[in-house]
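Note sheet for the following structure.
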Amino acid sequence: MRHIAIIGSGPAGYYTAEAAQKRWGNGVRIDVFDMLPVPYGLIRTGVAPDHQSIKGVSRRYEQVALTDNVRFAGNVKVGEHVSVSDLQAMYDAIVIATGAPHDRKLGLPGEDLANVHGSAAFVGWYNGHPQFAGLDPDLSGRHAVVIGMGNVALDVARILSKTESEFAGSDIVTHALDLLRASKLRKITILGRRGPHQIMMTPKELGELMHLDRASPRVDKADLPDEADDALLEPGLRKAVSHLRSFAAIPESIHGEKDVEIDIDFFASPVEFEGDGRVERVKVERTTVQAGRASGTGEYYHVPADLVVSCIGYHSAHIPEVPFDERAGRFPNDEGRILPGLYCVGWARRGPSGTIGTNRPDGYGVIERVAEDFDSGALGTGGKQGRAAFDQLAEARGLDVVTFRDWKKIEQAEEAAAREGAPREKFVDVEAMIRARG
Ligand code: NAP
């Protein structure tokens, strides 16, 4: 019998479990650990609450989770309740699928001012992540600045712009909906240090800005490159840029009809956050872009900012005993191999890029490596006890392991508590989750 431990129950973790199960069927036992009592990682706490169709992929993970050879072990923090060397003594292979939960810092003066938030915290707040549920951002000012030209910046700008009725059918948590309902924000400036041809936004997500009830996107025509140059772009980016061109063509009369403006400011690199204890404005340097690289022009201006959300990417969290590449912000690896018997997958392997679906080939790929290592004898001669040994250790240490059956009870309680039309009302603290399993 092969025993595999997967640390992290998000998309990368469950695609890896699926791949292992498809490969070895009853010849494998897979335990999927999570520090939270609830599964699915970014599907639950990263994907925007108004993108329920993306969240629907969790049904596929559930099918994997419900098979006999895969087991969910929630409320277990690797590195605290159980160490990697504990796991190594029990499992033949350990796959780290812990994603990239920490915000990359801009490293700018004033970043610690009140109401400057990173996207991990801000997205975690509106998605009910227990670590960030108490963030309580101040939405009482008129101006927000969102930094970055990726899909997370779009998620944040869109969530800040929506009316209550546009959240119908979403699972945005009530504490966030309450604050957003009372929001006084009227202008959201998205700052990008490069130009329209260098955005990381995808067309579907960018196009959504055209259909907001009370907000309209604004792009300055002068920022757009010659239209003929769009032909050189790959099709997805070309389509996204065509949306920017549509935004630039929106007549003033339409902007005038909307309460909120989403101003997409290109060639704009933040250099400092200013304010008296609390952020009031962002100092920005104009850039030019040559051969895809931004450089400062020495021209500065200020953008009013009562709230700042920096959406510039993430880094992985250290795990004791596991090597870490500080510069890259992830685990050093060769096609997923970190050390003999220790692997990484998903954002923990490649950094925070790609869509949920990108994790599928990643999961299947890392199981290929594990299989090669089983076949070559690199994973030893077997004899490890897997989950039987873990259960003994959990009992000896008094760990309160949350099973998948427990999760289904938590899920039922969340569904029962849902606002009308919403799929669920998430528990936002760990104790409430644990209580809900009965
Ligand atoms: P991202 O796509 O890598 O975008 C990060 C943005 O931050 C880039 O525009 C980057 O600009 C900018 N940036 C980085 N460092 C900066 C700095 N020091 N100053 C100013 N700007 C800076 O990352 P993300 O938006 O966090 O998304 C992460 C991944 O999740 C992406 O693959 C994304 O597509 C995916 N995602 C998908 C969806 C969806 O499909 N609906 C939703 C959310 C996230 P430069 O390019 O100039 O470095």
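Hydrogens, waters and symmetry mates are skipped; everything else that's a heavy atom, side chains included, is used. Order of appearance sets the numbers: ligands from 1, and atoms from 1 within every ligand.
- Under a 4.0 angstrom heavy-atom cut-off, G192 registers as lying outside contact with ligand 1.
- Checked for salt-bridge contact, D92 and R29 miss the test: no charged N lies under 4.0 Å from a carboxylate O.
- Near W347, with a cut-off below 4.0 Å to any heavy atom, the atoms of ligand 1 are 29 (C), 30 (O).
- Taking atom 9 (O) of ligand 1 as the reference point, the nearest protein heavy-atom neighbour is M149 N, 2.9 Å.
- Counting all heavy atoms, side chain and backbone alike, R437 lies closest to V402 at NH1-CG2, 3.8 Å.
- Each of the atoms 32 (O) of ligand 1 lies under 4.0 Å from some heavy atom of S353.
- Around CD of E326, the count of heavy atoms belonging to other residues, nucleotides or ligands within 6.0 Å exceeds 12.
- Looking at atom 28 (C) of ligand 1, its nearest protein heavy atom turns out to be P352 O, 3.6 Å.
- Proximity of atom 22 (C) of ligand 1 to the protein is indicated by at least one non-hydrogen atom lying closer than 4.0 angstrom.
- Counting heavy atoms closer than 4.0 Å to ligand 1, residue L106 contributes side-chain atoms (C-beta onward) but none from N, CA, C or O.
- Looking only at atom types and distance, the side chain of H197 has a donor-acceptor partner in the side chain of D230 under 3.5 Å away.
- Distances from ligand 1 to the non-hydrogen atoms of D155 include at least one value under 4.0 Å.
- Distances from atom 46 (O) of ligand 1 to the heavy atoms of R194, R193, Q198 put R194 nearest.
- In this structure, a donor-acceptor pair under 3.5 Å is absent between the side chains of Y314 and R104.
- Under a 4.0 angstrom heavy-atom cut-off, S269 registers as lying outside contact with ligand 1.
- Atom 34 (O) of ligand 1 has as its closest protein heavy atom N151 ND2, 3.0 Å.
- Counting only heavy atoms of the protein, atom 2 (O) of ligand 1 lies nearest to M200 CB, 3.3 Å.
- The shortest side-chain heavy-atom distance between H143 and L307 does not fall under the 4.5 Å cut-off.
- Each of the following atoms of ligand 1 lies closer than 4.0 Å to a heavy atom of Y314: 26 (O).
- Closest to atom 24 (P) of ligand 1 among all protein heavy atoms lies V152 CG2, 3.6 Å.
- Between R44 and D171 there is no salt bridge, since none of the side-chain N atoms of the basic residue sits less than 4.0 Å from a carboxylate O of the acidic one.
- A parallel orientation is assigned to the rings of F247 and H243, their planes being inclined by less than 30° (bins at 30° and 60°).
- The shortest distance between side-chain heavy atoms of V282 and E274 does not fall below 4.5 Å.
- Close approach of ligand 1 to E205 (heavy-atom distance below 4.0 Å) involves ligand atoms 39 (C), 40 (O), 41 (N).
- Judged purely by distance below 3.5 Å, without hydrogens or angles, the side chains of E18 and Y61 never pair a donor atom with an acceptor atom.
- Regarding atom 35 (C) of ligand 1, its nearest protein heavy-atom neighbour is G354 O, 3.5 Å.
- In terms of protein heavy-atom proximity, atom 12 (C) of ligand 1 is nearest to G148 CA, 4.0 Å.
- Remark: ligand 1 and I54 share no N or O pair separated by less than 3.5 Å (distance only, no angle test).
- With respect to E62 and K408, a salt bridge is recorded, a charged nitrogen being found less than 4.0 Å from a carboxylate O.
- Counted by atom type alone, D50 and Y126 present zero donor-acceptor pairs between their side chains at under 3.5 Å.
- If you check which protein heavy atom lies closest to atom 5 (C) of ligand 1, you get C311 O, 3.8 Å.
- Listed by atom number, the atoms of ligand 1 under 4.0 Å from G150 heavy atoms are 2 (O), 4 (O), 9 (O), 25 (O).
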